[in-house]
Amino acid sequence: MNRDQLRILLPVVSLAVLLAAVFWLQPRAMSYLGLNLLFNLAVPIALATVAQMMIIMVNDLDLSIGTFVSFVACVTATLVQTDPLLGYLVLAAGIAGYAAVGALIHLRNLPAIVVTLGMSFVWGGLAVLILPSPGGASPEWLRSLMTVKPPLVPMAIVASVLIAVVSHLLIRRSSFGVVLRGVGGNPASVERAGWSVLKARAAAYALAGLFGTLSGMTLVGLTTAADANIALRYTLLSIAGVILGGGEFTGGRVSPVGAVIGALTLALASSFLSFMRLSPDWQIGAQGGILILVLAVRLLVGRGRGRRLAA
Amino acid sequence: MTRPDSSATHPPHRHGDTPVTSLLTFLRKPWLWAFIAAAVTFAATAAVTQAGGFGLGMTALTFAAFSVLVGIGQMFVITLGPGNTDLSIPATMTLAGTLALKAMAGDPALIPLGLAIALASGLGVGVLNYALIRLLSIPPIIATLSASFLIQSAAIWSNRGLRVKPPQALADFATGSALGVPNVAVVAVVVAALAWVVLERALAGRRVLAIGQNLRAARLAGVPVDAVRFATYVSCAVLAGLAGFLLASFSGGAALNMGQEYLLMSIAVVVIGGSSIAGGNSNVPGIWGASLFMFLIVSMLNSYGAGAGVRMILTGVIIIAIVAAAGGRKVSR
Amino acid sequence: DTSGKSIALSNNYAGNSWRQAMLESWETVTGKAVEDGIVSAADAFTTAENQATEQAAQIQNMILQGYDAIVIDAASPTALNGAVKEACDAGIIVISFDGIVTEPCAWRIAVDFREMGRQQVEYLASRLPGGGNLLEIRGLAGVFVDDEIHAGIAAGVQEHPDFKISAAVNGDWAQDVAQKAVAGVLPSLPEIVGVVTQGGDGYGAAQAFAASGRDMPIIVMGNRHDELEWWKKAHEENGYETMSLSIAPGVSTLAFWVAQQVLDGADVPKDLTVPFLKVTQGDLEEVLASTQAGGVANVDYTLDDAKAVISDAAQ
Amino acid sequence: MTIPPDTTPVVALENARKLFGAVRALDGVTLAIAPGECLGLVGHNGAGKSTLVNLVNGGLNLTEGTIRLGDGAPSPETSIAAARAGGVRCVFQELSLCPNLTVTENVRIPHRALKGRGWRGRARSIVAEKLAEIFPGHAIDPGAAVGALSIAERQMVEIAIAFSVFDEAPRLVILDEPTSSLDAGLAEQLLSHVRRFCAAGGAIIFISHMLGEILDIASRIVVMKDGRITEERARGGFDRQGLVDAMGHVAAEGGGAAHAQARDLATAQIVIETPDGLKARRGEIVGLAGLGGHGQAEALEQICLGNSSSWRGTRSPKVAFVAGDRARDGIFPVWSILRNATLSRLPALTRRGLVDAGAEEELAADWRRRIGIRTDDLDNPILSLSGGNQQKVLFARALATSAPVVLMDDPMRGVDVGTKRDVYDMIRAEAAGGRTFIWYSTETEEVCQCDRVYVFRLGRIAAELTGADITEENILAASFEMEAAE
Ligand SMILES: Nc1ncnc2c1ncn2[C@@H]1O[C@H](COP(=O)(O)OP(=O)(O)OP(=O)(O)O)[C@@H](O)[C@H]1O
Ligand SMILES: Nc1ncnc2c1ncn2[C@@H]1O[C@H](COP(=O)(O)OP(=O)(O)OP(=O)(O)O)[C@@H](O)[C@H]1O
Ligand SMILES: [Mg+2]
Ligand SMILES: [Mg+2]
């Protein structure tokens, strides 16, 4: 079996094992309703993880995705609701902002971590300005979209599959996605073939902005309202999701399907912990423990590729 | 190849600099920007203070001291190269403060024990972090994040969030000043001076810098990379332990949410201070400049009555502006 | 009879002394109730980070686990509504307290945070008829409690126009953050006669004032042990007087009993209020004596307290 | 000139100059390539061949002079897009595929027109066809990730991609050392393809250090030296020795070999012995030979890692390492020359944890003199040095230590002839003083100076040669596992 297959197989296996454990602890989860409850809040996380993956794909890291999703949620629960035209305009401006950040990082050769750290303050401040206290309301169509009950398979699963398939087609199958991944793999070669790495990086960031926007909107659809701190956690969650899903921090090695699975795994891990009924003192620590466990398994298996020094 | 080639555009350095060129070299010092920014915000804040700038300056030194302590540790970690960041600093501060204050139980005779416990908990965290990174090959960011959850739980479990008062003598020390300079600032200056010596004069610092630029080359050149990286993560955690000990003593007891704001702060002061996040290029004075700046910018915006939202936006914009002005990494690998 | 029923506590944050006291009260009171066979289980759950999304997932898990009632201290009044609605739809009783939720199907045991803010200014007005400059320490931006208390304070100042809020800083409900923010803004402020707070930040403010060498203003405290102790000492030294108020962490036990009553079939109105715990100069000694060192002034509620609160509300 | 009068050149350079700061990489080159021509380009390391390639394919801009593509106008500016539109394709010296993409996906990077529905299928069939055409009998799966392929396979893929036809057909294909990682069979397949391509009217620039290939395939040979074209002759104008002379190479002097035989090391103590059977004695110069990428660098790396600790630093290391791939294995790009030079010796210059700055400067100054690092100030950044001088710094770093064994990973890349001689002498002197050298080199004449040679093939030691057996023929034979060479 080659590395690429391993990369995607491992997340699938860990998800399956975890799911089996959850079903064993809580047989009630093994139902239409149960699966939906287990996974529906993973949908926005999956979207945020795919957004983070776009950035990691070009060898950068985004520390602002959590505050950006919060910002989008605030806009969606207020402006999109009251003044749709302006609302969508603001959302589009957010995506453009992301692209601009990517361009700035490339042009000035800046460390992405710092710039996105700065942006996290900016998005957070904007969110607080738009929605100083929690509230707002989800647009009706969004709410009904997120609570739709398709036959046979619950919405959460349908949505996860949809996200995985669309991002897979975009990043892994399309000719456009190949160039973006090429930037992560060997920017010099992409540049030598006459592509503008600047444009490619800006495009990757814009895609991150787009998926971040979708994440914020679906989140509002699920929670029915927003607040300025609603998704801060998504930043670290999304990074962990990408890595769990078999992505690597450098080299353009990312897998959209893996990222979605990674996000589902993380969501499932915390459910698993609450079904375990640990002492409240150790509930927080257990989340760290399970993260370590899943990653350790991944790397133990990945050891096979020898003990060469990291370049 | 549209970008100008760096080695080609780099003017060779000549002896016998004219004043103009030495000014130019000075302007290229990466830490300068942090101090300029701090000075400007200081002036802007002092302009609206009644009592002039002295009180503000002393306050800034006090609070910057805590950022400096954690910032120095974080700087050494970041210097190890891309991907190295310690996200467990806040949890370590909490754990160290909690354990130490509980052990002292307000008894001045036990202050040395308390300090030892704080530093030892830092040591323990450092060992845990590097074990995760090295033995399980977990990327540092995720390893230290996961560790921070475990540490947080340990802090909760050890004392359930009760605020134990520090011994009076310790509290007096932490809040007091010597010759007008806050004691904590003195501690931070001493630590910064030591860090400077380590970074600029010691073999250990040279090795950290080498690893940050090129881990592989460092290993091949005989640098004991594991020992150095281990020591770096441990010192970062020990410094966080010290900072937690002082902060708990300073603010009248350890709280479970004590170090939270130092998560982003420790990273921010490192990069605003002019260290390159790409590793191998660090400086200690910049951390002081950046720490002062990070405190003063909030004071300034508070003094001018900016709300939370505007304050955050301006903080973010200014961070980006400083980093963009100081320029990216000139030398590419 | 509720002996076969199970209740869960959904808590979003464990990182401060108030929340720890809240969890401890829950453990002592419900532990005994389970032992006495009043309910079959009363489990407490806490999320790792203070995030509405994580808490919503936690509530959904509780639905799956088949609890009969869920007691919530919510991260956001609105962002959990989706999950709360799902719980109600599954036939689960949902009781929110402290951080309440706006979803109509849930019960709310509310503290009138607005009133809490207003009373602070009222008290200051009684002490300082001439008015003056106030410093406001706010909580975490974008959080409901912060906004409510702030609104109450603003209303109070409107009632007493002699007062002026000359600065507001965010202390994030943390001693060290408050201390830092106050210390940073003090040099630029005129004379301050009073400090209005949100709880957990009074001691930090006092430290900052002491360090600046200014006159100590009247700082409204938030029932933390260290605040009360500092106050007592200052009173003994120079007759310093103030007041202290906060919501008692034991309100979680009140919520537990209310949940038990609802499960028992009692007719309970959806909106209940619980008085906040106020400490005046008169009962300072007494409260301090009964407060755990390093903790928060607290009351554990009994079934009878709950019945009283319910019948009060029903009238 | 050999251009038939009625044929428009595919590319014509007029007085092309390219400066990198003070370095004259190209210094007034005039060159035209006609359709159907196979231009062989030879020259010493750093002569400017790769720079020329980058100018023609639009990757670099001219500092001076003009370039003309096809029947366009001469212009001082060029771009990658224009060059591609003019039918210029390039196989670079250092592999330039994206390791994270599959073979099929790598086709997409240079071929911009390849998009829309079914692009993957088209790319796959075209590259598979081309691979089969150039390298019949190959076993490359177009769906495999490039990172999982061997070096030779990657080279084959890159060649196939360059020759593939999507939008416009290639008119000029530049091959920069394409055979350095191919074995003789594959190289011969490539040469036949080149012949067919030229016969069909295509133009080729063929760069190689394997002079036999050049003499065999080129219809015209151009010799470069220090950024200039020094000689240019049609096929048959050079014989092997003539070509070597034209390149200005020190012809194998035999001095090295004599020296090797003069010493008797059979009784010397064995200082290095690996499980694969590599042995080195005290004072011995051991050569590692064979085609590039066949495990020599890995063997050196293993010896280096196995004889040093990542947990304990020491004042007296057992081994020191001289990197050939400078950027990857040697240079600390942020640092000054001084710091780069002294790193390995530093523990010995340290007292109570602090570096003795005076002693450090002294050491660096000493080595600057001994090895002739050309700079006016050792505090200048390392990257301000030319490649060859950077390499000298790496030599200084290793030789300054007290290590009894020095490992050298093809260390003469970019080092000029004069310095090479100095370094050879230094190595000999150190060896006479009891130091052991294990030396991987791609240049056979360097290997021929060694006391003992191990020839690597496919990651294993294929042959061990000593004394008089160390000849170019024997090494080649072992590298290709043929009976006897040519
Ligand atoms: N970070 C927070 N997020 C949400 N709610 C909070 C947060 N911190 C405190 N609260 C809420 O604010 C109210 C007052 O508690 P408070 O914050 O004063 O505790 P605290 O002051 O931080 O504790 P201490 O300082 O003693 O550790 C309670 O409703 C509490 O649940
Ligand atoms: N980007 C650059 N910056 C500075 N100098 C450069 C750069 N690229 C090439 N040079 C210098 O230009 C000269 C010509 O280099 P070039 O790569 O063209 O040599 P080459 O003939 O291809 O050598 P080789 O046989 O080793 O491939 C060398 O001295 C080299 O150091
Ligand atoms: Mg070469
Ligand atoms: Mg070349």
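Note on naming: letters A, B, ... go to the chains in the order of the sequence lines (proteins, then strands), and numbering restarts at 1 for each one. From a predicted model like this one, the values you see are computed outputs, not experimental measurements.
Looking at Ile109(D), both its backbone and its side chain come within 4.5 Å of chain A, counting heavy atoms on both sides. For Arg117(D), no part lies under 4.5 angstrom from a heavy atom of chain A.
In this structure, the separation between CZ on Arg172(A) and CZ on Arg120(D) is 8.5 Å, given to the nearest 0.5 Å. In this structure, CZ in Arg108(D) is found 9.5 Å from CZ in Phe176(A), a value given to the nearest 0.5 Å. Distance CH2/Trp119(D) to OG/Ser174(A): 7.5 Å, rounded to 0.5 Å.
What you find for Arg192(A) and Ser96(D) is that their closest heavy atoms are NH2-CB, 3.1 Å. Nearest heavy atoms, Glu191(A) versus Ile80(D): O-CD1, 3.1 Å. The minimum heavy-atom distance linking Ala193(A) with Pro110(D) is given by the pair CB-CA, 3.7 Å. Shown here for Leu97(D) and Asn186(A), the closest heavy-atom pair between the two residues is O-ND2, 3.0 Å. Of all heavy-atom pairs between Ser175(A) and Lys115(D), the closest is OG-CB, 3.2 Å.
Counting heavy-atom pairs closer than 4.5 Å to chain A, the top-ranked of the candidates Glu105(D), His111(D), Arg84(D) is Glu105(D).
More than 12 heavy atoms of other shown residues, nucleotides or ligands fall within 6.0 angstrom of atom NZ in Lys130(D).
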message = Evaluate Cys98(D) against Val190(A) for side-chain contact (heavy atoms from CB on, under 4.5 Å), listing each step before the verdict.
response = CA-CA 8 Å; Cys98(D) 297; Val190(A) 174; 4.2 Å; yes
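In this structure, Asn100(D) contributes its side chain and Arg181(A) its backbone to a donor-acceptor pair below 3.5 Å.
For the pair Leu101(D)/Val178(A), a side-chain contact is recorded, criterion being any heavy-atom separation below 4.5 Å from C-beta on.
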